[in-house]
There are 2 protein chains.
Amino acid sequence: MIDIRQMRYFVALAETLHFGRAAERLHISQPPLSRQIAALEKELGVRLFERHSRRATLTHAGRRFLEDARAVLISFDQACRNARLAERGELGELSIGFMMHAAYTVLPGLARRYMANHPGVRVELREVVPATLTDAVLAGQFDAAIMFNPGPIRGLETHTIYRERLCLAVHASHPLADHAVIRAKQLAGEPLIAVPTDVAPKLREAIVAYCRSGGFEPTFRLEVALQQTIVNLVAENLGIALVPQSMGQLGIANLVHRKLEKAPTIEHVVAWRPSNLNPALQPFLAEARAVAL
Amino acid sequence: MIDIRQMRYFVALAETLHFGRAAERLHISQPPLSRQIAALEKELGVRLFERHSRRATLTHAGRRFLEDARAVLISFDQACRNARLAERGELGELSIGFMMHAAYTVLPGLARRYMANHPGVRVELREVVPATLTDAVLAGQFDAAIMFNPGPIRGLETHTIYRERLCLAVHASHPLADHAVIRAKQLAGEPLIAVPTDVAPKLREAIVAYCRSGGFEPTFRLEVALQQTIVNLVAENLGIALVPQSMGQLGIANLVHRKLEKAPTIEHVVAWRPSNLNPALQPFLAEARAVAL
DNA sequence: GATCATGATACCGAAAAGGTATGGATAGGG
DNA sequence: CCCTATCCATACCTTTTCGGTATCATGATC
């Protein structure tokens, strides 16, 4: 059967047109080369070289075979290299799920950095509602996800990469806007705008817990799924909201942000299955840890 | 060294995920397959399969390698097939030179037929002035050429594929247009339009010889290189011309064609170097001979 | 016509491939 | 819970193939 070695021999000979020199280049002696070329021609059933007494020349079929053989050798070597790269996580695919808040904090820097250092990995970033992320990771839908810290979950590891305070978002004309720092009890009775529990349970819990620490039960006037919408509604003076500080970057007219006393913090973690064998995952986690510093 | 056999083994195993069945498909027993796969993994330095007790599964690197290996095997087999096709003249390049007259006679049918039967051959058709064709073929510039019969030439073989009479082209109002058949001596004194000697010597010779057979020396009023132009000038009543019958197909207003008594004939031949080793040439010549029938 | 260069052939030892027999691990059934 | 069937790995042997050395045949060159 024809094999890749005979192709390499053929290309060497086709490029030198001299059995002796080609053999030298291949680090073998001349007779084996003669035999391998003869065997190749016999197995192909095609005469590849015209043997003249002083030099060899390619036949037309040989010229054609040279073109093809070069391409085969290149793709062959590439395949071997790619396998090694894939095992080291430098080539492959990596799917990352994230909640919207990450798009305003760690995600852009992390994604840019990872892609720059691992250009061979096709990264798929997909935003989903935070509540579905843990299940999606456990189901293998994502290799990793960036979410609020869900606490310990069997089969899931997490690493905190970002931690931020919640702050108060209110309309500029709202009485609370006059205070530099707001205490929890001052929020009593204020109509709150927040995401529904099923969208971001951890964020919601933090808000509820903070209100209770002020001695009252929060009243949610509006529940909307998009964080962007929440702050817009606050800017329309339809209520107040507790939002991660990073939302303050949006720069919305008539909207101000105020510090909270003993502000609750919320953690962004990267979460993954330890049993996930995608080699591209570990380098990604390493980048995530580096970003967390 | 990794070779193509190991790649075939790998693909078979990757597709069955079962050493026993893959070995069966490869017509070998299971232990050699196990060893070859192990050797492949060792040489690559990459673990390609996870061995479970009940079945094997591909690693991420293995999946990547499978994609690449399939492509390599396909191009490898294709290279071998292409070499065989190239030797049989079914794949490659063929350059054909022709004089313009051929474009009105045999060339379209021959080219269409050859390309239909040999779709793998890239055909280059190039029109040049007839006088340069023999030298171009001898110089290896064309694999074959279609030209007027140049007579025997060293290092050139020819085969007649078309033979046609010359006829008279005159303006519809010309006195000669009243005769159905013209004799050579009737042309005496008429101003002739023809191609210059250096463009189509054979055609020019035939015209001169015919005039002399009528007992007079021809007088060429106009010499133009393009046959198309000649008939247009005749249609403008600037002279008469002797042209191959096939030119009558052009259908030009005010132009009529008349038979010549003892009309000279002119042969179209295909010409080639017998020493030309392009495998695509012989099938082309075979088609040319078939067209000549 | 002698010589040199070049590729083919003959023969041998080494390496590698495949085959058979068998061992070890594990999932599934009784 | 043990037994068995399945499946892959290993050991060992035989055959094939590969590369090396020596030598031959051929044709170009002086």
Side-chain angles (χ1 to χ4, degrees), chain A residues 1-59 61-63 65-66 69 73 76 80 275 277, chain B residues 1-59 61-63 65-66 69 73 76 80 275 277:
Chain A
M1 190 58 66
I2 301 166
D3 73 342
I4 209 83
R5 188 194 325 116
Q6 291 174 320
M7 259 195 190
R8 288 191 201 283
Y9 288 6
F10 166 76
V11 171
L13 179 58
E15 287 177 352
T16 61
L17 296 176
H18 189 290
F19 282 74
R21 273 186 280 283
E24 192 176 355
R25 198 176 106 178
L26 293 165
H27 307 294
I28 62 173
S29 59
Q30 169 261 319
L33 178 59
S34 284
R35 262 183 290 128
Q36 290 294 342
I37 296 297
L40 176 62
E41 288 181 323
K42 186 177 178 184
E43 284 169 313
L44 280 174
V46 173
R47 192 143 197 82
L48 298 169
F49 292 97
E50 317 264 353
R51 275 81 158 175
H52 306 98
S53 55
R54 213 67 184 175
R55 72 193 187 288
T57 55
L58 280 166
T59 62
R63 264 195 284 281
F65 192 58
L66 176 60
L73 290 178
F76 181 91
C80 296
S275 62
L277 294 173
Chain B
M1 190 59 66
I2 302 166
D3 71 342
I4 209 82
R5 188 192 326 112
Q6 292 175 318
M7 258 194 190
R8 291 192 200 282
Y9 288 6
F10 166 78
V11 171
L13 179 57
E15 288 177 351
T16 60
L17 295 176
H18 188 291
F19 282 75
R21 274 185 280 283
E24 193 176 354
R25 200 176 103 178
L26 293 165
H27 307 295
I28 62 172
S29 59
Q30 169 263 318
L33 177 60
S34 283
R35 264 183 289 129
Q36 289 295 340
I37 297 296
L40 175 62
E41 288 181 324
K42 185 177 178 184
E43 285 169 313
L44 279 175
V46 173
R47 192 143 196 81
L48 298 169
F49 293 96
E50 317 264 353
R51 274 80 158 176
H52 306 99
S53 54
R54 217 63 185 177
R55 71 194 188 286
T57 56
L58 280 167
T59 62
R63 264 195 284 280
F65 192 59
L66 176 59
L73 291 178
F76 181 91
C80 296
S275 62
L277 293 173

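Side chains are part of it too, since the values below use all heavy atoms of this structure and drop only hydrogens, waters and symmetry mates. Just so it is clear: chains get the letters A, B, ... in the order the sequence lines come, proteins before strands, and each one is counted from 1.
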Determine the minimum heavy-atom distance between A:Phe19 and A:Ala56, stating which atoms define it.
CE1-CB, 4.3 Å
Tell me: CZ of A:Phe19 to C1' of D:dG27, nearest whole Å?
16 Å
Hey, does B:Tyr9 reach any base, or is it just sugar-phosphate, or nothing, if we go heavy atoms under 4.0 Å?
sugar-phosphate
A:Ala69 versus A:Phe10, closest heavy-atom pair with distance
CB-CD2, 4.2 Å
Go nucleotide by nucleotide along DNA chain C from the 5' end; which of B:Asp3 and B:Ser53 gets its closest nucleotide reached first?
B:Asp3
Give, ordered by number, those residues of residues 28-37 of chain A having at least one heavy-atom distance below 4.0 Å to an atom of DNA chain D; if nothing qualifies, reply none.
A:Ile28, A:Ser29, A:Pro31, A:Pro32, A:Arg35, A:Gln36
Return yes if some donor-acceptor pair links the side-chain N/O of B:His18 with the main-chain N/O of B:Gly20 below 3.5 Å, else return no.
yes
For B:Arg51 and C:dA25, give me the distance from atom CZ to atom C1', rounded to whole Å.
14 Å
When every non-hydrogen atom of A:Ile4 is compared with those of B:Ile2, the smallest separation belongs to CG2-O, 3.7 Å
Of all the heavy-atom pairs spanning B:Leu17 and B:Leu58, show the shortest one and how long it is.
CD2-N, 4.1 Å
note: B:Glu41, atom CD; D:dC8, atom P; distance rounded to Å ~ 13 Å
Separation of C:dA16 C1' from B:Ile2 CD1 (nearest whole Å)
16 Å
Can you measure B:Arg47 atom CZ to D:dC8 atom P for me and round it to whole angstrom units?
13 Å
Given side chains that start at C-beta, do those of B:Phe65 and B:Val46 come closer than 4.5 Å, heavy atoms only?
no
Under 3.5 Å, side chain of B:Thr59 to main-chain N/O of B:Arg47, donor-acceptor pair present?
yes
Between A:Arg5 and A:Arg54, who's closer to the 5' end of DNA chain D by nearest nucleotide?
A:Arg5
What's the CZ-C1' distance between B:Arg55 and D:dA9, to the nearest Å?
19 Å
For B:His52 and D:dT6, give me the distance from atom NE2 to atom C1', rounded to whole Å.
16 Å
Atom-pair distance (CG on A:Leu40; P on D:dT17), nearest Å:
15 Å
